[in-house]
Amino acid sequence: MTARRTLPLIATDLPPTEPARLVDDFTPALIDIGAHHLCPGCGEPVAMRSILEVIDELEVAARTIAVFGIGCYTAFSNNLDVEVLQALHGRAPSLATGVKRAKPGTVVLTVQGDGDMVNEGLQEVIHAAARGERITCFMLDNGVFGETGGHLTATTVLGQRTKNTLDGRDAERHGYPIRLSDLLAQLDGVAYVARGAVNTAGNVARTKRMIHQALDNQLHGRGFSFVEILTMCPTGWFIETAEAPDYLRDHLAPVHRLGVLKQDPLGAPTER
Ligand SMILES: Cc1ncc(C[n+]2csc(CCOP(=O)(O)OP(=O)(O)O)c2C)c(N)n1
Ligand code: SF4
Ligand SMILES: [Mg+2]
């Protein structure tokens with residue numbers, strides 16, 4: 001049994017005591033709204049921004065097709081200057097496979113959460129990876145079903161507070177977390193696997209390099225590329241917004257370890 005968590009509970013049924021304050025406009029070129037409606041301190045907008053900045057830098061926006069899963073990040077799907085397809089829960093890698101095979105000249109990526117990808121569609125990503133599909137999949141991993149209230153997912157780490165594990169995930173009762181990047185790195189057909197995070201400026205910069213490498217692989221016809229991005233979810237973790245970056249560092253990152261897990265310079269054969 002894991003030790004009881006002692007962090008104070010935050011009331012999420014009341015409005016914030018202080019209004020939000022816009023400190024600057026950091027809207028990236030490929031997002032056509034100035035503000036988003038995700039929670040303050042959420043890591044997903046930072047991850048989305050990083051992906052879009054790399055697409056812009058690679059000058060592939062006009063031939064990019066993003067396939068979205070369903071989660072809080074899906075709020076961005078109507079506001080991007082790239083083509084977007086909405087997949088059913090967990091099915092984005094299969095839809096992306098069809099798009100890439102039908103239109104090999106496009107740059108096809110998926111954006112999914114941990115609940116969408118590891119709970120609701122685990123087989124889809126594993127099979128797409130093993131087939132060596134020339135697509136790039138991004139998983140925004142906050143260890144909770146954020147959009148539906150912050151419940152436990154398959155990646156929730158032991159001891160992590162979620163809506164249905166307020167005393168922390170307990171191995172005996174809830175099982176162990178799945179480290180998806182580590183699993184995918186074992187598969188032939190996979191060219192690149194990396195795990196980044198957006199809890200510090202340094203980690204954002206490193207994660208952007210991973211995103212760049214993963215998309216560059218696709219542009220060179222190499223095999224399946226995957227980047228997991230650990231993102232803060234202060235709402236679903238039931239902690240103060242300002243505590244979330246350190247909570248990610250202290251609880252999520254020691255289990256889902258940051259770094260490049262696989263880098264095959266050649267990848268799978270490129271005939272397809
Ligand atoms: C088949 C199906 N089951 C459940 C839902 C409800 N649902 C919508 S978003 C979501 C959570 C997704 O969690 P995750 O992928 O981790 O994204 P996050 O919200 O954390 O960014 C769920 C369960 C749904 N839309 N469809
Ligand atoms: S619930 Fe979590 S993942 Fe969803 S917008 Fe809020 S902080 Fe972000
Ligand atoms: Mg999630």
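Read the numbers this way: they start at 1 and go in the same order the structure lists the ligands and their atoms. Keep in mind that this is a model prediction, so the values were computed, not measured.
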Does at least one non-hydrogen atom of Glu120 fall below 4.0 angstrom from an atom of ligand 1? yes
In terms of heavy-atom contacts, does CG of Leu88 have more than 12 from other residues, nucleotides or ligands at under 6.0 Å? no
Surrounding CD of Gln213 (heavy atoms of other residues, nucleotides or ligands, distance under 6.0 Å), is the total greater than 12? yes
State the atoms of ligand 1, each with its element, that fall below the 4.0 Å cut-off from a heavy-atom position in Gly146. 18 (P), 19 (O), 20 (O)
Can you check whether Glu243's main-chain N or O pairs, donor with acceptor, with Trp237's side chain at less than 3.5 Å? no
Quick one: does Ile70 get a heavy atom under 4.0 Å from ligand 1? yes
Does Thr136 reach the side chain of Val107, with side-chain heavy atoms less than 4.5 Å apart? no
Which atom of Asp114 is nearest the Mg ion (ligand 3), counting N, O or S only? It is OD1
Counting backbone and side-chain atoms alike, does Thr231 have an N/O/S atom under 2.8 Å from the Mg ion (ligand 3)? no
Give the atom numbers and elements of ligand 1 that come within less than 4.0 Å of a heavy atom of Tyr73. 15 (O), 17 (O), 21 (O)
Under 3.5 Å donor-acceptor, Asp81 side chain and Ala61 backbone: no
Has the side chain of Thr156 got a donor or acceptor atom that lies under 3.5 Å from a matching backbone atom of Gly143? yes
Kindly list each side-chain donor-acceptor pair under 3.5 angstrom involving residues 178-187, sequence neighbours excluded, with atom names and distances?
{"unit_1": "Ser181", "atom_1": "OG", "unit_2": "Glu228", "atom_2": "OE1", "d": "2.6"}
{"unit_1": "Asp182", "atom_1": "OD1", "unit_2": "Arg195", "atom_2": "NH2", "d": "2.6"}
{"unit_1": "Gln186", "atom_1": "NE2", "unit_2": "Asp182", "atom_2": "O", "d": "3.2"}

For the residue pair Val157 and Arg169, establish whether any side-chain heavy-atom pair is separated by less than 4.5 Å. no
Contact atoms of ligand 1, heavy-atom distance to Cys72 under 4.0 Å: 18 (P), 19 (O), 21 (O)
For Asp114, the atoms of ligand 1 under 4.0 Å from one of its heavy atoms are 15 (O), 16 (O)
Would you mind running through ligand 1 and noting each atom that sits below 4.0 Å from a heavy atom of Glu44? 18 (P), 21 (O)
Give me the residue, atom name and distance of the protein heavy atom closest to atom 3 (S) of ligand 2. Asn142 ND2, 3.4 Å
Should Val144 be counted as touching ligand 1, given the test is an N or O pair under 3.5 Å? yes
Within the structure provided, determine whether His174 and Asn164 are in side-chain contact (heavy-atom separation under 4.5 Å). no
Is ligand 1 under 4.0 Å from a heavy atom in the side chain of His89, in the backbone, in both, or in neither? side chain
So do Asp114 and Asn142 actually touch side chain to side chain, heavy atoms under 4.5 Å? yes
Under 2.8 Å from atom 6 (Fe) of ligand 2, which protein N, O or S atoms are there? Could you list them by chain and number? Cys39 SG
Within the 4.0 Å heavy-atom shell around Asp116, which atoms of ligand 1 are there? 14 (P), 15 (O)
Is there a donor-acceptor pair under 3.5 Å between the side chain of Arg222 and the backbone N or O of Ala214? no
Side-chain heavy-atom pair Ile70, Gln86 within 4.5 angstrom cut-off: yes
Min N/O separation Phe145 to ligand 1 under 3.5 Å: no
Backbone N or O of Tyr73 within a donor-acceptor pair of the Glu44 side chain at under 3.5 Å? yes
State the atoms of ligand 1, each with its element, that fall below the 4.0 Å cut-off from a heavy-atom position in Thr148. 6 (C), 7 (N), 8 (C), 10 (C), 11 (C), 22 (C), 23 (C)
Can you figure out which of Met117, His151, Gln112, Glu147 has its heavy atom closest to atom 9 (S) of ligand 1? Glu147
Between Lys208 and Glu53 (salt bridge meaning N to carboxylate O under 4.0 Å), is one present in this structure? yes
Side chains of Ile31 and Leu80: does their closest heavy-atom pair fall under 4.5 Å? yes
Geometric N/O contact Gly115 with ligand 1, under 3.5 angstrom: yes
Return yes when at least one N/O/S atom of Val144 is nearer than 2.8 Å to the Mg ion (ligand 3), and no when none is. yes
Report yes or no: does a heavy atom of Leu140 sit under 4.0 Å from some atom of ligand 1? no
